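Reviewing the structure listed below.
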Amino acid sequence: MAYEETQPVTVANRAVTMSLATIIVLAVVGFIVGINQGVPRHDDQALFAEKTISAPTSTDVLPAAAYSEMRRSDAGRTRVYSIDELPRQQRDLFATVAIDLEARRASLATRSERRAFNGAPPIIPHTVEQLSNAQCMLCHGAGFAIEDSVARAASHPHYANCTQCHAPPGAPLFEPTLAVVNFFDGVDAPFEGERAWPGAPPTIPHSTWMRNNCNSCHGPEGWLGMESTHPWRTSCLQCHAPSATLDQHPAEARFLAPPRILQNSQ
Amino acid sequence: MTMPATDRRQFLKSAAMAAAAGAVLGETETSIALPVLGSEDSGIKWDKAPCRFCGTGCHVQVGVEDGRVVAIAGDQHADVNKGLLCVKGYHVGMILYGEDRLTKPLLRRGDGFVEISWDEAIDIAARRIMQSPDKFAIYGSGQWTIPEGYVAQKLMKGGLSNNHIDPNARLCMASAVTGFLATYGVDEPAGCYDDLDACDVVITWGNNPAEMHPVLFSRVMDRQSSGEKVMLIDISTRRTRTSEVADEYLEMLPHGDVAIALGIMHLLVERDQYDHEFVSRFCNFRAHESGKPTLKGEAISFEEYKSRLAMYTPDYVEQLSGVPAEKIRMLADLFADPDVKITSLWCMGMNQHTMGTAINTLVHGVHLLSGKFGVPGNSPTSLTGQPSACGTAREVGTLSHLLPGGRLVANDKHRADAERLWNLPEGRINPKIGFHTLKMFEEFTKEGGGVSTMWVQVTNPGQTLPNLNKLFEPKSELDDRFLIVSEVYPTATTQLADLVLPAAMWVEKNGIFGNSERRTQQWFRMVEPPGDARDDCWMTIAVAHRLMELGHPGMKDKDGVFIFHMEDENGNEVPIWEWEHYYDINVDRHLFDDYRRFSRMKHKDLAPYDEYVKTRGMRWPVVQQPDGSWRETRFRFSAFDDPYVKEGQPFEFYHSTSGDGRAQIWVHDYKSPPEMPDEDYPFWLNTGRVLEHWHTGTMTRRIPQLTRAMPSAYVELNPEDARELNVRDGEVVRVESRRGSTDLPVWTRGRGYPPRGQIFVPFFDETMLVNHVTLDEHDPFSKQPDFKKCAARVRKISA
């Protein structure tokens, strides 16, 4: 009885494990291959440099395929993957989204750990290729998620000189030569926008200057507790009003003078 | 456990409020304040300021709450950066809050220091100067605000009759100055950043703007993102982030730039593809005199010019520069094409060069010869590394041979003019040129030298001078030398100081900077400096006043009035030498409006101070219009924009050294660098900066986000060289030259990628001083040393 009950579960587990393992292997292979495709490399670094392979002298064993051949070989054991081909999480756009305010608090706390103050570009939490920006867009171009790991899409795809603003961690081989203590205390992120009344769309509580991809933070792969309850609607500014003040449009709102009310006696 | 973030924030805020109680913060209500982020009723007050770091001159919006800077945003209304910043700029507010700010005047006692009062400190400095006023020197900075440089300049040249004042800009852009003077007869670029919006080709000459001037680099990259075609050609000795984005990466040997420029000229002339009309109407040919060469040179004929270029064939240039002959032809083809607009950018690569003046004039020459000049997009543009190298060092003229506004110490008329403007008795200004930076430190650090007391303001020569073992370290052996250092943090320079004066920085004081494109930028004090830290400008004025009390006659003008006399609007003297009264009036405003009288002679006209309050800077000449408004000039010497060009002609070089309104196209002979790799020292050593750290890292290394990204200096090695030396990434090796050594970790596939036989070390790290290794050989005209090349070796330390 017990055996019969648990059997299918074990099989299912194994299937999950296997498919996860496959995904991870594919991801790693795809990532490496993808990177090598997209990033210009120095001559001596060329992993797949064109080389003449000398013919094997013995016919007893099949010659192993050289890396330089594998990538281009039609019958090779591996083919070229790009990140775009990796399976993506299927999300139900129309599922009901309940906003979890505790999760938002946690998200804001995580978010604030990665920037000096609200408005500062976040630091990069992982190592990067020092010389080039090309590989940033592999994950942060369209956005990318495997299970719980999310690479959010850049909220400003036009600005592509990534490390100009986002500081990477140093190469792991260097020890800092000093412990930095700085008493700067930056401004916090706002918790929510203002609503005219319950049910009214909230106004945008942050600057939208230089950002045009709301989904980066508020989309299905955005921050927990900040996600849109209606991801199928994509014209955000149709309902949510930005702030001219926060966006540095300095004009003061003014009315024409009110009608001059004359006294009856005049 | 630890204090929750909100509590900590509250605590810091109340501490700051207590400190700021009763503070008077100047006239911020008249400036440009724009709230930008955070909740709208958060109580954050916003105001404009230029960024504290490089010479680009981005404007930031500074958010202040309860007396502390809490946020920074790119200023969307600034022409320079249009709302964008770089990773340093976004964190610039944090430079004020490093744990170890200097807050008390300190006097050396043996190995340590004692805290003293400001009265004592000012008195000690003044008495040292009184002992031998002619052996006193001021070493200043391209980070001085314009008023700070102006008071130091007036104290020295107008007060003490002493010309031993020089800024660190000597190490930074002196060759750019001599290049401009030799070519146009007047300093600073004719074009501006607008050229980057209009050009078809950008050529970076030994320049890595992706890291050093990132906002300007993005200005070009963003055009590419928008679908425009802009070709980027990177001429460099090593691969950098700029090379990675470039369409053409031309790897040259050190010093190869001279050959490349000559090679382009050669082809333009040989193929008769130069701009005949531009050259025949607006240019002369020039070469150095055979006897004693000067910046003026002597006129040569076109035939002579051509014959001196004859040897620089593409093949010979390939041999000298390592750049393939076909690429030299490609460059010449671009310059020959009348439909292509070319902007050249350069900075330290061409300036820190033993042929610095020559290569600067040659790149100007290539642009003049091809007529790639004076039209938006066609421009030879020299960039600066410091926020006010142009404003304070070059325009105020805080170099040992200059007076304000482009006047020369050695010129009788110019001295008389300065004496008149300053109301000084005739003959007050000393006609003898003072010590330039290298000479100044040599005199300070050698037995019986000509400098006994030196005051260093706003810079860190203990880290930046070349060959420190010769030019700085020997100071500690000489008991009769006295080093005064005004600083914000402990540095390699304060280590040897005898008197340390704690300084206010950036938005803790009023200020004015002048950026790379002739833009003068003003800001107001927004927060209080910590502890007893005070403005550099005040320190100089207080010492001058003390000198007057001690009886130095030079501290009075010819009517017996204090040289820094200032009055309030009722005509009463304000004792600005007393700190309590320093902010009773806006001293910057008084000094700037006094200084701007000097700006007309060389047509570098500045507007009144109050006009700069209203703008994010204006580019000189700023000329008043009939309706009373003030108009900036984007393109100098071009009739369509520059009001000083004579009517009826498209261009006029109205300060021409030949007196005929023409610019000079120079020719020079390629000369090998003074020190080249040999058997004992087989590597070329190059030094420079990285994106995250600025200058000597004293500010940026105190910002956790930046230090996380770039924790320490390193030596960049080619992987093949590393293999041959049997060293690995992270392994500490010794880099040494004939002058000294420093130990650094190896990084083979890091920020840059040098070819075999070359190494690169950034200079920001005070614990790994690469300037123990560098060379103090310098350009003969600019006296600027070459930090970009010397011979070195790399040694494995561990067995």
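Order of the sequence lines fixes the chain letters, A, B, ..., with proteins taken first and strands second; residue numbering starts at 1 for each chain. Given the structure is predicted, the values throughout are model-derived calculations rather than measurements.
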Is the shortest side-chain heavy-atom distance between B/Glu99 and A/Asn182 below 4.5 Å? no
Counting only heavy atoms closer than 4.5 Å, note whether B/Leu85 contacts chain A via side chain, backbone, both or neither. backbone
Flag side-chain contact, heavy atom, 4.5 Å: B/Tyr753 against A/Leu131: yes
Max heavy-atom pairs within cutoff under 4.5 Å with chain B, candidates A/Arg115, A/Gln130, A/Met210, A/His158, goes to A/Gln130
Side chains of A/Pro168 and B/Glu692: does their closest heavy-atom pair fall under 4.5 Å? yes
Which distance, rounded to the nearest 0.5 Å, do you find between the OG of A/Ser207 and the CD of B/Gln76? 7.5 Å
Run the side chain to side chain contact (heavy atoms under 4.5 Å, CB included) test against B/Pro490 and tell me which residues pass, sequence neighbours left out. B/Asp100, B/Leu102, B/Thr494, B/Arg702
If you take all heavy atoms of B/Phe217 and A/Asn161, which pair is closest and at what distance? CD2-ND2, 3.7 Å
Side chain, backbone, both or neither of B/Val732 within contact of chain A (heavy atoms, under 4.5 Å): neither
Smallest heavy-atom separation, A/Phe184 atom then B/Tyr97 atom, equals N-CB, 3.3 Å
Please test A/Ile123 against B/Arg708 for side chain to side chain contact (heavy atoms under 4.5 Å, CB included), starting from the C-alpha separation and ending with a verdict. CA-CA 9 Å; A/Ile123 55 173; B/Arg708 169 182 175 270; 3.6 Å; yes
Check each atom of B/Thr242 against the heavy atoms of chain A and say whether the ones under 4.5 Å are side chain, backbone, both or neither. neither
Under a 4.5 Å heavy-atom cut-off, does chain A meet the side chain of B/Leu84, its backbone, both or neither? both
Give the minimum heavy-atom separation between B/Tyr90 and A/Cys165, together with the two atoms involved. CE1-SG, 3.5 Å
So B/Met94 and A/Phe183, side chain to side chain contact (heavy atoms under 4.5 Å, CB included) or not? Walk me through it. CA-CA 8 Å; B/Met94 302 174 78; A/Phe183 295 131; over 6 Å; no
Tell me, do B/Ser218 and A/Tyr159 make a side-chain contact under 4.5 Å, heavy atoms counted? no
Does a sphere of radius 6.0 Å around CZ in B/Arg756 hold more than 12 heavy atoms from other residues, nucleotides or ligands, not counting ones at 6.0 Å or beyond? yes
Relative to chain B, which segment of A/Thr163 carries a heavy atom at a distance below 4.5 Å: side chain, backbone, both, or neither? both
If we define contacts as heavy-atom pairs under 4.5 Å, which of B/Arg751, B/Arg101, B/Gln224 has the most with chain A? B/Arg751
Using 30° and 60° as the class boundaries, would you call the ring planes of B/His91 and A/Phe117 parallel, tilted or perpendicular? perpendicular
Apply side chain to side chain contact (heavy atoms under 4.5 Å, CB included) to A/Val180 and B/Ile703, showing your working. CA-CA 7 Å; A/Val180 181; B/Ile703 298 174; 6.0 Å; no
Close side-chain approach of B/Val215 to A/Gln164, heavy-atom, < 4.5 Å: yes
Only pairs of heavy atoms separated by less than 4.5 Å count here; which of A/Pro169, A/Ala167, A/Ala189 has the most with chain B? A/Pro169
